[in-house]
Amino acid sequence: MTTRFLIYLLILLTGFLVGLYNFKKLSSPYKVLTIFLLITFISESITRIFIKEFRNSCPPYHIYQPLQYFFITTFYLSYLKKSTAIISWSWVVFALFTIINLAFFQNVWTVPTNAMLPANIAYVLCALLLFKNILQNTGEQPLLKQGLFWYNTSTLVLFTFNFFCWSFYNVLLKTKNSTLTLSDITYVLNMQYYITTGIAIYLDSRHKQNE
């Protein structure tokens with residue numbers, strides 16, 4: 001296990017512990033994010049076992065992808081009430097799609113990019129819709145002091161990049177082109193995403209405490 005990956009796990013664990021410590025103070029969306037951090041930490045830890053035993057970390061991601069989709073879209077569902085039906089039905093569609101993809105297109109030892117790409121599009125669309133709502137309903141608190149603004153910005157940046165990254169990842173692997181640069185950028189963006197998530201959870205706890 002590399003030092004970089006240990007730092008990544010530490011970021012996930014710290015964010016979860018911040019949420020767990022303040023869990024009773026959190027609003028519902030941020031409780032969802034806290035649980036999501038725990039699941040991500042467990043999933044990423046399990047990938048190291050697969051790397052050690054099978055030299056391949058892909059299998060856990062086939063399970064993690066639908067879980068990630070459920071938790072992130074559930075978070076956005078709290079703010080995008082007009083999209084409740086669409087998001088709710090998308091859970092069923094996405095779960096079926098990941099099963100079909102695993103069975104017929106990308107086996108358990110392959111990066112599930114076919115599932116990642118539509119998920120990334122959904123996250124970006126949710127982020128854009130939420131930005132529209134935020135700008136239309138600005139309150140007294142400045143945007144830069146709102147955890148929701150920072151989390152949403154981080155989501156937009158990470159998953160926009162991920163869409164383009166994973167669009168070519170398996171192709172680059174097949175053609176033996178280096179994917180190290182893409183992996184390095186993804187690492188950094190994932191770290192900033194989970195750091196921002198932890199900060200957003202903390203800010204929500206402080207906001208609820210001051211109400």
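By convention here, the first residue in the shown sequence is residue 1. Computation of the quantities below employed the complete heavy-atom set of this structure, encompassing side-chain atoms and omitting hydrogens, waters and symmetry-equivalent molecules.
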Q: Could I get the full list of ring pair (Phe, Tyr, Trp, His ring centres under 6.0 Å) partners for Tyr151, not counting sequence neighbours?
A: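 Result, ring pair (Phe, Tyr, Trp, His ring centres under 6.0 Å) vs Tyr151: Phe75, Tyr193.
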Q: List the residues meeting ring pair (Phe, Tyr, Trp, His ring centres under 6.0 Å) with Phe50, not counting sequence neighbours, and say none if there are none.
A: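 So Phe50 forms a ring pair (Phe, Tyr, Trp, His ring centres under 6.0 Å) with Phe54.
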Q: Can you list everything that forms a salt bridge (charged side-chain N to carboxylate O under 4.0 Å, His left out) with Arg4? Sequence neighbours excluded, please.
A: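 Arg4: salt bridge (charged side-chain N to carboxylate O under 4.0 Å, His left out) contacts with Asp184.
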Q: With sequence neighbours excluded, what pairs up with Asn162 under the side chain to side chain donor-acceptor pair (under 3.5 Å) test?
A: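 Partners of Asn162 under the side chain to side chain donor-acceptor pair (under 3.5 Å) test: none.
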Q: Measure across Leu80 and Leu130 and return the closest heavy-atom pair with its distance rounded to 0.1 Å.
A: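 Taking every non-hydrogen atom into account, CD2-N, 3.9 Å.
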Q: Looking only at heavy atoms, what is the nearest atom pair of Pro59 and Asn56, with distance?
A: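 Closest pair (atom of Pro59, atom of Asn56, distance): CD-OD1, 3.6 Å.
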Q: Sequence neighbours excluded, which residues qualify as side-chain contact (heavy atoms from CB on, under 4.5 Å) partners of Thr196?
A: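 Expected list: Trp150, Ser154, Gln192.
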Q: Could you tell me which residues satisfy side-chain contact (heavy atoms from CB on, under 4.5 Å) with Val124, sequence neighbours excluded, listed by chain and number?
A: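 Result, side-chain contact (heavy atoms from CB on, under 4.5 Å) vs Val124: Leu128, Leu156, Phe159, Thr160.
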Q: Sequence neighbours left out, what pairs pass side chain to side chain donor-acceptor pair (under 3.5 Å) with at least one residue falling in residues 11-20?
A: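 Qualifying pairs: none.
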Q: Could you work out, with side-chain contact (heavy atoms from CB on, under 4.5 Å) as the rule, every residue matching Ser78, not counting sequence neighbours?
A: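 Scan of Ser78 (side-chain contact (heavy atoms from CB on, under 4.5 Å), adjacent residues dropped) gives Pro29.
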Q: Search all heavy atoms of Pro112 against all heavy atoms of Gln65 and return the closest pair with its distance.
A: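 So the two residues come closest at CG-CG, 4.1 Å.
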Q: Does Tyr202 have any ring pair (Phe, Tyr, Trp, His ring centres under 6.0 Å) partners at least two apart in sequence or in another chain, and if so, which?
A: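 In terms of ring pair (Phe, Tyr, Trp, His ring centres under 6.0 Å), with neighbours along the sequence ignored, Tyr202 is linked to no residue.
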Q: Keeping the roles fixed (side chain from Asp204, backbone from Ser27), state whether a donor-acceptor pair exists under 3.5 Å.
A: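 At least one qualifying donor-acceptor pair exists.
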Q: List in chain and number order the residues that pass ring pair (Phe, Tyr, Trp, His ring centres under 6.0 Å) with Tyr64, two or more places apart in sequence or in another chain; answer none if no residue qualifies.
A: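 Applying ring pair (Phe, Tyr, Trp, His ring centres under 6.0 Å) to Tyr64 gives none.
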Q: Are Tyr79 and Tyr76 near enough that their ring centres are under 6.0 Å apart?
A: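 No, ring centres 6.0 Å or more apart.
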Q: Do any side-chain atoms of residues 86-100 form donor-acceptor pairs under 3.5 angstrom with protein atoms, and if so which ones, sequence neighbours left out?
A:
unit_1 : atom_1 : unit_2 : atom_2 : d
Ser88  : OG     : Thr84  : O      : 2.8
Ser90  : OG     : Tyr69  : OH     : 2.8
Ser90  : OG     : Ile87  : O      : 2.6
Trp91  : NE1    : Thr73  : OG1    : 2.8
Thr98  : OG1    : Phe94  : O      : 3.3
Thr98  : OG1    : Ala95  : O      : 2.7

Q: Going by the rule side-chain contact (heavy atoms from CB on, under 4.5 Å), which residues pair with Leu117 if we only count those two or more places apart in sequence or in a different chain?
A: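 Applying side-chain contact (heavy atoms from CB on, under 4.5 Å) to Leu117 gives Phe163, Trp166, Ser167.
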Q: So, does Thr47 use its side chain to make a donor-acceptor pair with the main chain of Glu44 at under 3.5 Å?
A: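 Yes, the answer is positive, given that a donor and an acceptor are paired below the 3.5 Å cut-off.
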